[in-house]
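What follows is a set of notes on a single structure, which appears directly below.
Numbered from 1 within each chain, the chains take letters A, B, ... in sequence-line order.
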Amino acid sequence: GNSVTQMEGPVTLSEEAFLTINCTYTATGYPSLFWYVQYPGEGLQLLLKATKADDKGSNKGFEATYRKETTSFHLEKGSVQVSDSAVYFCALTNQGGKLIFGQGTELSVKP
Amino acid sequence: NAGVTQTPKFRILKIGQSMTLQCTQDMNHNYMYWYRQDPGMGLKLIYYSVGAGITDKGEVPNGYNVSRSTTEDFPLRLELAAPSQTSVYFCASSYGRGGEEKLFFGSGTQLSVL
């Protein structure tokens with residue numbers, strides 16, 4: 001079946017450090033891929049998405065490239081800020097059109 | 001801009017009690033969803049609805065019921081609460097299918113069953 005696997009957290013970085021959060025997936029067909037972010041005490045928000053192979057999604061300095069050959073959708077940011085501290089969820093759509101989420105990766109950025 | 005509103009934010013139940021988690025959206029979205037989030041796990045889909053009067057099961061529907069009498073409201077009912085239902089519950093909505101349109105989430109309900 002379809003599934004998403006993310007790197008375990010928590011990830012702790014200093015401000016201005018480079019961020020990578022790994023995400024790999026298993027899917028039949030050609031799913032769309034998403035990153036959602038959950039700030040403390042809030043619901044999830046869509047951060048970025050990519051709908052086909054080699055697409056790059058980007059938003060707020062975050063980027064992720066849909067790599068079909070490695071079944072990956074890693075999230076990157078060149079210089080993180082304290083305000084980026086949150087839980088990040090990778091997700092894909094299954095053939096029924098519903099989202100399947102990874103387990104989430106907590107990011108903590110220290111000043 | 002209310003978006004998706006969930007109530008209550010926190011609740012403690014005793015085993016065997018029942019309760020309803022409320023969810024309302026003001027964006028005229030057709031699709032609504034209930035997810036549960038367990039520690040270290042991703043969100044699991046409980047139930048979803050594609051429009052008023054239409055509901056369907058997700059991955060983990062056992063122990064829950066839903067109804068969708070209006071476009072705005074999508075309550076989740078727990079009839080006989082069990083400790084395994086201790087979780088954080090999120091309601092979400094989207095204009096189109098969640099795989100094509102982005103989901104808007106409420107801020108969650110933290111439920112403990114003791």
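For A:Glu106, no part sits under 4.5 Å from any heavy atom of chain B, backbone or side chain. For B:Leu43, the parts sitting under 4.5 Å from any heavy atom of chain A are the backbone and the side chain alike. For B:Gln37, the part lying under 4.5 angstrom from a heavy atom of chain A is the side chain only.
Ring-plane geometry between A:Phe34 and A:Tyr36 is classed as tilted, the angle between the planes lying from 30 to 60 degrees on a 0 to 90 degree scale. Between A:Tyr88 and A:Phe62, the angle of the ring planes lies from 30° to 60°, which puts this pair in the tilted group.
Contact of the B:Tyr35 side chain with the B:Lys44 side chain is not registered, since no non-hydrogen atoms from C-beta on lie closer than 4.5 Å.
Using modelled atom types and a 3.5 Å distance limit, the side chains of A:Thr105 and A:Gln6 yield a donor-acceptor pair.
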